[in-house]
Amino acid sequence: MPKVLYIASHRKDRSPSQRFRFEQYMDYLKAHGFDYHFSYLISEKDDKIFYQPGNVFNKLRIFLKSAYKRWRDVIDENIRHYDIVFIQREAFMTGSTFFERKFKKSHAKIIFDFDDAIWHFDISEANRKFHWLKNPGKTGTIIAMSDLIFAGNNYLADFARKFNENVVLIPTTIDTEEYRKMQLPLNDSIVIGWSGSITTIKHFELAIPFLRILKNKFGKKISVKVIGDDTFVNNELGIRGIGWNKKDEIKELSSIDIGIMPLPDDEWSKGKCGLKGLQYMALEIPTVMSPVGVNTEIISDGVNGFLASHVDEWVEKISRLIESEALRREMGRKARQTVVERYSVISQQENYLKYFRMVEEK
């Protein structure tokens, strides 16, 4: 039985990038002849330190502990047990490719997976002082030494092909068996919702100008919900952000009537794989997105969702959804259909297995 070593930063069910790109395929691979081991760096306890400002001494401790874990992965007595090493984004948190090069020297084949434009800088505020440790240019180096690259969208695939011709498109996918809208008590208002994290709350803030207009227009008929940053507050719009947790994720998302995904039109955002929008859509939530990157492939404007680029357009399209329950229902139905057909685990799992077999047989 071929064995896969998964290399990632976070524990299972912690990182959206990991959850929706490879974790949900692990059992399927195992059922079809692949064994695996999952090696991650940051524990739940360390997570609370690593992404908060300050605490330099403890961050150094996490760094050293992580380096030791990766060293254990690459030493001969361990790496020789694996046929494939699957690296998600990077093997280690600095600009070094030391560990990737060690994996390359083993007999194992390397699959590299990425779902963001990680060759550009995008560092959390909590760790901005450590930016000198990063080297976004290493992404091209890792791609060049890999046997196969899984790119989350065409923008990322085009970048990867500059370094390696062995690139396949694997979209970020939703487990549509798990993602089914929960039937909850009716809201007192129509809820416009956003889901993200502390590091992406800056994207939600792009929505404040049009949400302000909508609040003035509809008053108590609407409310705004922010999931993923429990420190976020906007008194003018009556927003108190709530934290994310896996257990309540589908319940919290199911309380949203209209999902929004505003993005800046920049190089980093062009690498995004539309996850927030796909989560809404899988739950039959009518969705409005910025027309940036893969969003324009996911959404057929006016059919399975809306695309909006400027404030007036956001206001006009969200207003149409607020004013028509029938439109919300029909657009939500078509949104889920899109996810099931093109962006679900079921739609991609055979391709996923095929590529693992192809690499293992090289």
Side-chain angles (χ1 to χ4, degrees), residues 122 187-242 244 252-270 272-281 283-332 334-335 338:
D122 190 73
N187 296 315
D188 294 331
S189 58
I190 294 170
V191 178
I192 300 169
W194 177 90
S195 176
S197 67
I198 291 172
T199 59
T200 58
I201 194 69
K202 59 190 177 185
H203 294 157
F204 169 75
E205 291 173 340
L206 298 171
I208 290 175
F210 64 76
L211 290 174
R212 185 181 292 123
I213 295 171
L214 288 166
K215 191 66 176 175
N216 289 334
K217 180 178 180 180
F218 291 101
K220 293 182 179 179
K221 186 175 181 178
I222 66 170
S223 59
V224 182
K225 184 169 189 172
V226 168
I227 303 169
D229 183 355
D230 58 5
T231 68
F232 183 80
V233 176
N234 184 296
N235 291 322
E236 179 186 12
L237 295 172
I239 303 171
R240 295 288 185 278
I242 63 172
W244 173 88
E252 296 294 352
L253 288 171
S254 294
S255 70
I256 294 172
D257 298 297
I258 301 167
I260 60 171
M261 186 180 174
L263 287 174
D265 190 1
D266 58 23
E267 296 304 306
W268 179 263
S269 297
K270 288 176 185 176
K272 289 287 183 186
C273 292
L275 175 58
K276 293 180 183 66
L278 293 172
Q279 288 178 285
Y280 307 144
M281 294 169 69
L283 296 173
E284 300 185 51
I285 300 168
T287 300
V288 189
M289 297 182 176
S290 296
V292 177
V294 77
N295 291 359
T296 60
E297 299 174 23
I298 295 170
I299 294 290
S300 178
D301 190 40
V303 179
N304 62 348
F306 282 126
L307 297 172
S309 55
H310 53 78
V311 169
D312 290 345
E313 197 171 12
W314 281 95
V315 171
E316 187 268 328
K317 291 179 174 179
I318 294 177
S319 293
R320 286 171 61 185
L321 289 168
I322 292 169
E323 291 166 348
S324 175
E325 182 180 354
L327 179 61
R328 295 198 300 272
R329 190 180 300 113
E330 177 63 11
M331 196 165 275
K334 290 180 178 177
T338 298

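What you see below is based on every heavy atom in this structure, not just the backbone, and it leaves out hydrogens, waters and symmetry mates.
Residues R240 and F232 are not in side-chain contact: their nearest non-hydrogen atoms beyond the backbone lie 4.5 Å or more apart. I201 has its side chain within reach of V226: a pair of non-hydrogen atoms, C-beta onward, lies under 4.5 Å apart. In this structure the side chain of V311 reaches within 4.5 angstrom of the side chain of I213, judged on heavy atoms. In this structure the side chain of L327 reaches within 4.5 angstrom of the side chain of R320, judged on heavy atoms. Considering only heavy atoms from C-beta on, I192 stays 4.5 Å or farther from I256 through its side chain. Counting heavy atoms from C-beta on, the side chains of L307 and S290 never come closer than 4.5 Å.
Checked by atom type and distance alone, the side chain of N187 never pairs as donor or acceptor with a backbone atom of I190 at under 3.5 Å. At distances below 3.5 Å, at least one donor-acceptor pair connects side-chain atoms of D257 with backbone N or O atoms of V191. Panel note: side chain W314, backbone F210; no donor-acceptor pair is recorded below 3.5 Å. R328 places a side-chain N or O within donor-acceptor distance of the main-chain N or O of I322, the cut-off being under 3.5 Å. Not a single donor-acceptor pair under 3.5 Å links the side chain of T296 to the backbone N or O of V292. Under a 3.5 Å cut-off, the side chain of N295 and the backbone N or O of C273 do not form any donor-acceptor pair. Between the side chain of E313 and the main chain of S309, a donor-acceptor pair closer than 3.5 Å is present. Between the S324 side chain and the L321 main chain, no donor and acceptor come within less than 3.5 Å of each other. Between the side chain of T200 and the main chain of S197, a donor-acceptor pair closer than 3.5 Å is present.
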Let me see the working for M261 and V288 under side-chain contact (heavy atoms from CB on, under 4.5 Å), right down to the final yes or no. CA-CA 6 Å; M261 186 180 174; V288 189; over 6 Å; no
Please walk me through it: do N234 and R212 pass side chain to side chain donor-acceptor pair (under 3.5 Å)?
-> CA-CA 11 Å; N234 184 296; R212 185 181 292 123; over 6 Å; no
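Scanning both residues, I285 and G259, for their nearest heavy atoms gives CG2-N, 3.4 Å. Pairing each heavy atom of P262 with each of H203, the nearest pair is CG-O, 3.4 Å. A pairwise comparison of heavy atoms in T287 and M281 identifies OG1-CG, 3.5 Å as the closest pair. The two residues A207 and I260 have their closest heavy-atom pair at CB-CD1, 3.8 Å.
Ring-plane geometry between W194 and F204 is classed as tilted, the angle between the planes lying from 30 to 60 degrees on a 0 to 90 degree scale.
In this structure, the side-chain contact (heavy atoms from CB on, under 4.5 Å) partners of K215, at least two apart in sequence or on a different chain, are I222, L237. With sequence neighbours left out, S319 forms a side-chain hydrogen bond (donor to acceptor under 3.5 Å, both in side chains) with K217. Applying the salt bridge (Lys or Arg N to Asp or Glu O under 4.0 Å) rule to D301 yields the partners K317; only residues at least two apart in sequence or on another chain are considered. Scanning for ring-ring contact (aromatic ring centres under 6.0 Å, His included) contacts around F218 gives an empty result, with sequence neighbours left out. Considering only residues two or more places apart in sequence or on other chains, F306 meets the ring-ring contact (aromatic ring centres under 6.0 Å, His included) condition with none of them.
Residue pairs meeting the side-chain hydrogen bond (donor to acceptor under 3.5 Å, both in side chains) criterion with at least one partner in residues 218-229, sequence neighbours excluded, are S189-S223, K225-E252, K225-S255, D229-T231.
Using a cut-off of 4.0 Å between Lys/Arg side-chain N and Asp/Glu carboxylate O, E267 and K270 are scored as salt-bridged.
By the neighbour-count criterion of 12 heavy atoms within 6.0 Å, atom CD of E325 is sparsely surrounded, having that number or fewer from other residues, nucleotides or ligands. Within 6.0 Å of CG in D188 there are 12 or fewer heavy atoms belonging to other residues, nucleotides or ligands.
With values rounded to the nearest 0.5 angstrom, Y280 atom OH is found 9.5 Å from L275 atom CG. Note: M289 CE to L278 CG = 5.5 Å, rounded to the nearest 0.5 Å.
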